[in-house]
Amino acid sequence: MTLSVASWNVNSIKARLPNVLDWLKAERPDVICLQEIKTVDEAFPAMELEDLGYNVKTVGQKSYNGVALLSRLPIEEVALTALPGDPDDEQARYIEAVISAKSGPVRVACIYLPNGNPAPGPKYDYKLAWMQRLRTRAAELLAFEEPVILAGDYNVIPRDADVHDPAAWEGDALTLPASRDAFSAIKWLGYSDAFEQVDGRAHQYTFWDYQGGAWNKNHGIRIDHLLLSPQAADRLKSVTIDSSVRAKEKASDHVPITGVFDL
DNA sequence: ATGGTTGCAGGGCAA
């Protein structure tokens, strides 16, 4: 059996619902992690997504941020609705659940990592602190020795190969050395970047800014990632970044990334 | 080019 897990920053679920429904009907991923739903839980269009066969779990807030985890397979447990480590953090950026796959439990976290601009400053400090908390949680999860998929908008450009023009992004919070170091520190725990694992040399992007005709000029960056525990990485078959949805009317500035696993 | 785009909310902030 295969398990497909997608991640997509939709930049408002209300503004994006027709696009999201169209894509889910066509692609039918088993699990999809949505970021920037930009709504409270009560206003999330759960029924429309349940009608497509998904179990729906959300961690929303008013106006900003917000994540949702949707699964066609049973959700055994919602393990966390916030990233541990800072009880004063009120931003809705994390949900972690255990999915009942045919092969057994698979843990999926939906991550909306802080943007961090402008850097330096308090927003960048919050980003780096959040990444340290994520590293701590990621380390805990490895102890389960089970398939773990950390899916989301990391707001980190890992390598120069992941940006159309590194000079154009120099000094940005998405590509500063401290951001890249914090991202690779999670990988060094034992996680694999799914895209790099299957297609490491390719230049593919997951985000094109609305401004300046970035899409038409292919001025993109790769910031949406699937990080895999060894038990998930060993089962990875393919990764697809579906850039075609960026050309649609009322597109999000991000496109979905999907991993397919023998799980 | 001190602009440029989108979404939320209904002004300015966040991205």
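Side chains included, hydrogens not; waters and symmetry mates left out as well; all remaining heavy atoms used. Just so it is clear, the structure is predicted and the values come from calculations on it, not from any experiment.
- Between A:R222 and A:D193, at least one side-chain N (NZ, or NE/NH1/NH2) sits under 4.0 Å from a carboxylate O, which counts as a salt bridge.
- Contacts between chain A and DNA chain B, taken as any atom within less than 4.0 angstrom of a protein heavy atom, begin and end at B:dG4 to B:dA15.
- At a threshold of 4.5 Å between non-hydrogen side-chain atoms, the residues A:V59 and A:Y94 do not count as touching.
- For the side-chain hydrogen bond (donor to acceptor under 3.5 Å, both in side chains) with A:R107, the lone residue among A:E96, A:E76, A:E77 that qualifies is A:E96.
- To the nearest whole angstrom, the two C1' atoms, one in B:dG10 and one in B:dA1, are 29 Å apart.
- Checking A:Y210 against A:D153, the closest nucleotide of DNA chain B that is more toward the 5' end is the one next to A:Y210.
- A:R246 comes within contact range of no nucleotide atom at all, as no heavy-atom separation falls under 4.0 Å.
- Within 4.0 Å of A:F207, counting heavy atoms only, lies no atom of the nucleic acid at all.
- The aromatic rings of A:H219 and A:H164 lie parallel to each other, their planes meeting at an angle below 30°, with 60° marking the opposite boundary.
- In terms of position along DNA chain B, the nucleotide closest to A:A251 lies nearer the 5' end than the nucleotide closest to the other residue of the pair A:A251 and A:R93.
- Ion pairing of A:R133 with A:D89 is present here, as a side-chain N (NZ or NE/NH1/NH2) and a carboxylate O approach within less than 4.0 Å.
- As rounded to the nearest Å, B:dG11 and B:dT6 have C1' atoms that lie 16 Å from one another.
- Look at the P atom in both B:dA15 and B:dA9: the space between them is 15 Å, to the nearest Å.
- Remark: A:D30 engages no residue in a salt bridge (Lys or Arg N to Asp or Glu O under 4.0 Å) (not counting sequence neighbours).
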